[in-house]
Protein chains: 2
Amino acid sequence: MTFMEDERKSEGPRRVQTAGHEHPTAGAIGNQLRAIGALSKAFEQHLGRTLAVNDTDLEAMEHLILSGPMTPSELAPKLGISNAATTFSVDRLVASGHARREPHPTDRRKTVIVPSPPSVARAFDALMPVLNGVADAAADLPPQHRDIVGAFLASVIDVYEGALEAGAAEADTPA
Amino acid sequence: MTFMEDERKSEGPRRVQTAGHEHPTAGAIGNQLRAIGALSKAFEQHLGRTLAVNDTDLEAMEHLILSGPMTPSELAPKLGISNAATTFSVDRLVASGHARREPHPTDRRKTVIVPSPPSVARAFDALMPVLNGVADAAADLPPQHRDIVGAFLASVIDVYEGALEAGAAEADTPA
DNA sequence: ACTTAATAGTTAAGCAACTTAACGACCTAC
DNA sequence: GTAGGTCGTTAAGTTGCTTAACTATTAAGT
């Protein structure tokens with residue numbers, strides 16, 4: 001690690017400098033979490049290649065599969081893109097046969113995007129090894145261990161949520 | 001959950017259908033892992049906004065900070081983009097003052113990308129809450145619990161790596 | 001009932017970031 | 001010293017996003 005050898009002489013408490021000297025295994029857990037993030041990203045990209053769709057369209061399919069058919073306006077915020085971009089994504093999914101548009105039963109302005117069953121099945125088959133693998137790993141733990149892991153993951157979630165809130169608050173206060 | 005009501009009558013063992021009926025807490029752990037993935041993605045985007053860089057450039061900065069200065073050719077595979085695209089990313093980082101190009105000391109073909117200390121400090125300050133938060137959460141665990149969590153995360157990593165290998169193998173065998 | 005305003009989806013024009021291919025500069029080996 | 005490979009950059013083209021404008025439909029006001 002050859003960074004920040006000069007600079008940053010002292011300006012507050014800094015427990016984590018490079019990778020945590022104080023608790024070797026504690027730092028290791030952070031590394032594992034980061035590794036999982038990288039692996040899950042890699043896996044998603046692999047999955048996208050398998051189904052011949054780009055990242056956005058794959059994510060759209062995931063939402064359509066996990067939450068069921070929905071309108072473009074509902075989908076857009078889940079994808080974090082504009083309404084118009086969602087139209088393009090749906091266009092691509094329809095063109096490649098992964099989904100179809102259906103009129104909304106009561107509101108004629110709306111369109112419902114329905115994932116095609118074969119595509120759902122293919123996505124599921126590709127996802128299953130990971131879903132099952134993680135579920136099995138968790139299921140294989142004795143219940144107390146499962147609770148310990150669950151509690152730790154909950155605390156990690158709290159950390160992220162806290163950091164995001166702090167960041168949002170700081171955005172409100174332009175200093 | 002209104003999906004796959006027809007189709008998929010039976011074609012093999014399927015333990016995880018919607019969200020794991022057999023082991024409620026086991027499924028919960030999978031959900032937690034997914035939540036952590038989503039949160040860390042959201043946090044990265046927030047961080048990118050804070051430093052006024054896009055996702056790619058932020059990831060480049062992270063690699064430059066965590067692994068130290070490196071050449072574009074080393075950076076490109078870490079970003080998962082082409083060499084040429086890395087040139088553009090570096091151009092942007094240099095233009096915004098987050099990094100600078102330096103000639104390689106021995107090989108005059110190469111350029112070394114060096115992150116600017118102030119940008120490193122800013123990124124660090126923004127990252128610290130999460131880094132420290134996770135490290136603290138891990139450090140607060142009694143050692144046996146830490147081992148339990150570490151072992152579980154290791155098994156999750158194995159699951160992903162196994163799935164990626166299987167996917168790669170299947171790509172070789174065009175069926 | 002008719003007009004006004006709001007909502008849903010799409011289209012249009014423009015922009016940002018990627019790709020592959022081709023280049024000049026440099027290193028390495030024969 | 002020349003031949004071939006590597007490094008970074010440039011060029012041309014593609015993809016996928018954005019905002020703004022437009023059409024169709026619904027909801028609300030009078």
Side-chain angles (χ1 to χ4, degrees), chain A residues 41-42 44-49 51-64 67-96 98-115, chain B residues 41-42 44-49 51-64 67-96 98-115:
Chain A
K41 191 173 158 189
E44 291 230 332
Q45 287 177 348
H46 157 68
L47 187 52
R49 257 172 261 126
L51 301 182
V53 297
N54 66 25
D55 285 8
T56 302
D57 300 354
L58 175 65
E59 200 183 335
M61 282 301 289
E62 287 175 359
H63 286 296
L64 290 171
S67 306
M70 69 186 78
T71 67
S73 319
E74 288 163 344
L75 194 51
K78 299 200 183 212
L79 298 177
I81 60 179
S82 72
N83 233 317
T86 304
T87 292
F88 292 141
S89 174
V90 172
D91 283 347
R92 293 189 293 264
L93 289 176
V94 169
S96 53
H98 289 306
R100 67 179 197 280
R101 280 184 238 249
E102 276 197 5
H104 189 279
T106 67
D107 190 335
R108 277 190 297 174
R109 290 171 302 181
K110 298 185 182 175
T111 305
V112 181
I113 314 304
V114 183
Chain B
K41 190 172 161 189
E44 291 230 332
Q45 286 177 348
H46 156 69
L47 187 52
R49 259 173 258 126
L51 300 182
V53 296
N54 66 27
D55 284 9
T56 302
D57 299 357
L58 175 64
E59 199 183 334
M61 282 300 290
E62 287 175 358
H63 286 297
L64 290 171
S67 306
M70 69 184 78
T71 68
S73 318
E74 288 163 345
L75 195 50
K78 298 199 183 213
L79 299 177
I81 59 179
S82 71
N83 234 317
T86 303
T87 293
F88 291 141
S89 174
V90 171
D91 282 347
R92 292 189 293 264
L93 290 176
V94 169
S96 53
H98 288 305
R100 66 180 198 281
R101 279 183 239 250
E102 277 197 6
H104 191 279
T106 68
D107 190 336
R108 277 189 298 176
R109 288 171 306 180
K110 297 184 183 175
T111 306
V112 180
I113 315 303
V114 183

Derivation of the side-chain contact (heavy atoms from CB on, under 4.5 Å) call for B:V90 and B:R101: CA-CA 8 Å; B:V90 171; B:R101 279 183 239 250; 3.5 Å; yes

Please compare B:A84 and A:R101 by the position of their nearest nucleotide in DNA chain C and report the one closer to 5'.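 Going by which nucleotide is closer to the 5' end, it is A:R101.
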
Assuming nearest nucleotide by heavy-atom distance, tell me which of B:A85 and A:V112 is located more 5' along DNA chain C.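 Final value for this comparison: A:V112.
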
Using atom types as modelled and distance alone, determine if a side-chain donor or acceptor of A:S96 lies under 3.5 Å from a backbone N or O of A:L93.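 Checking the backbone N and O of A:L93 against the side chain of A:S96, a donor-acceptor pair under 3.5 Å is found.
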
Does any N or O in the side chain of A:H98 come within less than 3.5 Å of the main-chain N or O of A:D57, such that one atom is a donor and the other an acceptor?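 Not confirmed, A:H98 side chain does not pair with A:D57 backbone.
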
Counting any heavy atom closer than 4.0 Å, what does A:T71 reach on the DNA or RNA strands: base, sugar-phosphate only, or nothing?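 Touches sugar-phosphate only.
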
Heavy atoms only, 4.0 Å cut-off, all strands: where does A:T87 land among base, sugar-phosphate and nothing?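 If one applies the 4.0 Å heavy-atom cut-off, A:T87 turns out to touch a base.
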
Comparing B:P72 and A:N54 on DNA chain D - which has the more 5′ nearest nucleotide: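 Its nearest nucleotide being more 5', the pick is B:P72.
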
Hey, which sits more toward the 5' end of DNA chain D by its nearest nucleotide, B:D91 or A:R108?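 Its nearest nucleotide being more 5', the pick is B:D91.
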
Of the nucleotides [options], which one has an atom closest to the side chain of [X]?
{"X": "B:S82", "options": "D:dT26, C:dT20, C:dT10", "value": "C:dT20"}
{"X": "A:F88", "options": "D:dT18, D:dT25, C:dA21", "value": "D:dT18"}
{"X": "A:R109", "options": "C:dC18, D:dC7, D:dT26", "value": "D:dT26"}
{"X": "B:T56", "options": "C:dA17, C:dT11, D:dT10", "value": "C:dA17"}

Find the distance [X]:[atom1] to [N]:[atom2] and express it as a whole number of Å.
{"X": "B:K110", "N": "D:dT9", "atom1": "NZ", "atom2": "C1'", "result": "17 Å"}
{"X": "B:D107", "N": "C:dT28", "atom1": "CG", "atom2": "P", "result": "6 Å"}
{"X": "B:R92", "N": "D:dT9", "atom1": "CZ", "atom2": "C1'", "result": "15 Å"}
{"X": "A:D55", "N": "C:dT19", "atom1": "CG", "atom2": "P", "result": "12 Å"}
{"X": "B:M70", "N": "D:dC7", "atom1": "CE", "atom2": "P", "result": "15 Å"}
{"X": "A:I81", "N": "C:dT10", "atom1": "CD1", "atom2": "C1'", "result": "14 Å"}
{"X": "A:E74", "N": "C:dA8", "atom1": "CD", "atom2": "C1'", "result": "11 Å"}
{"X": "B:N83", "N": "C:dA22", "atom1": "CG", "atom2": "C1'", "result": "14 Å"}

Please determine if A:E44 and B:K41 form a salt bridge, counting it only when a charged side-chain N lies under 4.0 Å from a carboxylate O.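 Judged by the 4.0 Å cut-off on N to carboxylate O distance, A:E44 and B:K41 do not form a salt bridge.
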
Min side-chain heavy-atom separation A:P69-A:E102 under 4.5 Å: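 Sidechains of A:E102 and A:P69: no contact.
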
